[in-house]
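No hydrogens, no waters, no symmetry mates; every other heavy atom, side chains included, goes into these values. These numbers were taken from a predicted model, which means no experiment stands behind them.
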Amino acid sequence: MIASYSSQLHTPSMRPCEHSQSKPFSSTSLESQAESEKPKSYCEQIELESKSHNSSSTILQAQAPFGELIPNLSSLAQTHINFSPTRFIGGLVQVAGTGWTMAGTIAHLCGIPLAMPIGGNSFSNKYFLDSALCVSDVLANRGYNQAYVSGLDSSFAGMKYFLQSHSIAVMDLPYFQAQGVLPVHLGADLQGFWGLKDSKLFELALDMLPTLKEPFALYVSTIDTHHPDGFVDSHACNDIERDYKGAFTCTDRLMADFIKRAQSIYGDSLSIVVLGDHLSMKAGEFFPSNVNRYVFDLFINPKFTAPYTIESIKFRTLSHFDIAPLLLDSVGIKVGGFGLGRNPLYGQTLLESTFSQDELDAQISQKNRMYDSFWEVGRKPTFKHSYLAPKE
């Protein structure tokens with residue numbers, strides 16, 4: 001997510017993506033092209049648990065049944081860039097293999113869905129999708145230092161092993177406890193819904209920023225809006241009702257403060273991307289049946305390689321996969337596509353040009369030998385020789 005050296009990249013999963021009828025995981029759909037120049041910015045990616053666009057009232061009222069739950073993020077989405085299927089604040093379409101935290105993260109970073117070989121969230125292979133090419137691998141090749149900050153034990157669901165397989169250092173709850181930064185047993189002032197509460201997580205992330213060697217990418221993963229009821233920090237949000245809706249409003253407040261303080265350190269050189277990991281899993285009739293739900297996205301101060309217009313960001317149909325090329329492009333690395341993702345600034349996405357959602361879901365759900373090869377160990381592209389050629 002941060003710019004790189006003067007070079008042109010060609011790998012098995014990054015080449016031109018002008019193939020309107022290709023199938024997922026074919027040799028043509030897993031292609032794109034990347035061009036990069038000198039480093040332009042540093043980046044923070046913030047994964048918001050279960051965040052959808054319906055928390056905002058800055059859309060059709062029928063699609064915001066709870067009123068305005070995230071006033072700060074809504075304001076930022078209007079001021080900066082939010083990709084949406086409508087002219088209002090919207091987000092990403094959730095397709096097969098992207099509907100839980102681990103899957104959403106992989107789709108964002110690698111442009112592919114998650115189909116676990118065995119075990120679901122209990123899977124803990126230390127070479128998690130080791131041979132897939134991900135955004136973080138591209139950044140590491142360009143000398144960027146990357147860290148993931150979480151208030152949980154990230155070995156759950158294999159998150160730690162996936163990140164470590166793709167050049168990202170993990171700084172999670174066990175890490176901070178081992179370093180003596182946090183106690184082994186969290187007290188009431190630190191305990192959140194599940195692990196460390198988000199207000200303390202953001203403090204740790206802010207403390208970490210000045211220590212990161214530049215250029216860097218920092219990934220921050222929140223948890224307080226997790227179903228079934230979320231968590232409202234009584235200290236930071238004592239004026240907010242302590243229910244599931246209040247959890248979103250509290251997180252919105254914490255997030256806005258974190259963004260403001262991070263920008264005060266780095267100014268315009270910092271590119272910030274805020275993403276929901278998946279749609280809320282809140283059970284029952286919490287969401288009215290007539291509500292279209294999308295996964296929230298927000299790009300603040302991106303260094304896009306193409307000028308963006310209202311036409312290029314609104315009335316667009318993006319999935320999680322399309323975030324991967326946008327992450328690279330947001331820091332000045334020109335990418336037409338990455339994995340199953342297509343850069344909407346340069347053309348149509350798969351959901352716009354090739355597949356309906358049902359068709360894409362059906363294709364993704366099929367067993368595929370190319371996808372299976374991503375689970376092999378030690379076959380990741382090396383960026384050497386023909387894969388990485390000097391820019392002419």
Side-chain angles (χ1 to χ4, degrees), residues 1-9 14 17 32-47 73 76-84 91-92 108-111 134-147 167-168 205 209 212-220 255 258-275 296-314 316 318 321-339 341-347 349 383 388 391:
M1 290 178 288
I2 297 88
S4 65
Y5 311 115
S6 181
S7 59
Q8 186 169 13
L9 177 72
M14 295 182 66
C17 57
S32 72
Q33 180 172 331
E35 296 179 1
S36 59
E37 301 175 355
K38 63 181 181 179
K40 294 180 180 177
S41 67
Y42 314 123
C43 185
E44 290 181 323
Q45 177 179 322
I46 306 166
E47 291 276 345
L73 288 176
L76 288 169
Q78 290 181 291
T79 306
H80 298 278
I81 298 175
N82 163 255
F83 290 89
S84 172
L92 315 173
H108 286 153
L109 289 180
C110 309
C134 300
V135 167
S136 54
D137 300 312
V138 177
L139 297 180
N141 178 254
R142 286 155 167 74
Y144 287 93
N145 298 283
Q146 301 175 85
S167 309
I168 300 175
L209 276 176
L212 293 173
K213 184 179 178 181
E214 300 176 3
F216 63 79
L218 179 64
Y219 308 82
V220 182
M255 176 68 62
F258 174 73
I259 290 172
K260 182 178 180 179
R261 293 169 68 184
Q263 288 178 317
S264 71
I265 301 173
Y266 292 98
D268 290 342
S269 65
L270 186 67
S271 175
I272 300 176
V273 182
V274 182
L275 301 167
F296 186 80
D297 73 89
L298 169 63
F299 291 77
I300 300 174
N301 195 36
K303 308 301 185 292
F304 286 144
T305 60
Y308 63 89
T309 63
I310 293 297
E311 289 74 20
S312 64
I313 65 175
K314 299 302 181 184
R316 301 303 303 272
L318 277 65
F321 308 135
D322 303 310
I323 291 299
L326 280 171
L327 289 176
L328 290 171
D329 205 277
S330 71
V331 290
I333 302 177
K334 184 179 180 180
V335 180
F338 197 101
R342 300 293 180 265
N343 189 335
L345 299 177
Y346 285 96
T349 67
F383 300 98
L388 186 60
K391 186 176 181 180

Within-4.5 Å side-chain heavy-atom neighbours: F296 and L275: no

Sole residue of V273, I323, I300 in side chain to side chain contact (heavy atoms under 4.5 Å, CB included) with S330: V273

Contacts of type side chain to side chain contact (heavy atoms under 4.5 Å, CB included), residue T79, not counting sequence neighbours: S75

Short side-chain to backbone donor-acceptor contact, N145 and K213, under 3.5 Å: yes

Closest heavy-atom pair and its distance - A77, L298: CA-CD1, 3.6 Å

Heavy-atom closest contact (P325 atom, G341 atom, distance): CG-C, 3.9 Å

Y219 versus Q146, side-chain donor and acceptor atoms under 3.5 Å: yes

Closest approach of D322 to R342 (non-hydrogen atoms, all atoms of both residues): OD1-N, 2.8 Å

Stepwise ring-ring contact (aromatic ring centres under 6.0 Å, His included) check, F216 with Y266: CA-CA 12 Å; F216 63 79; Y266 292 98; 5.3 Å; yes

Which atom of V135 lies closest to which atom of F338, heavy atoms considered: N-CZ, 3.7 Å

Main-chain N/O of F83 paired with D297 side-chain donor or acceptor, under 3.5 Å: yes

Residues that S136 engages under side-chain hydrogen bond (donor to acceptor under 3.5 Å, both in side chains), provided they are two or more places apart: none

Exercise: do H108 and Q45 side chains pair donor with acceptor under 3.5 Å: no

Flag for N301-S271: side-chain donor and acceptor within less than 3.5 Å: no

Any side-chain donor near an acceptor of the partner, K334 and N343, under 3.5 Å: no

Non-hydrogen atoms of A205 and L218 that approach each other most closely: O-CD2, 4.1 Å

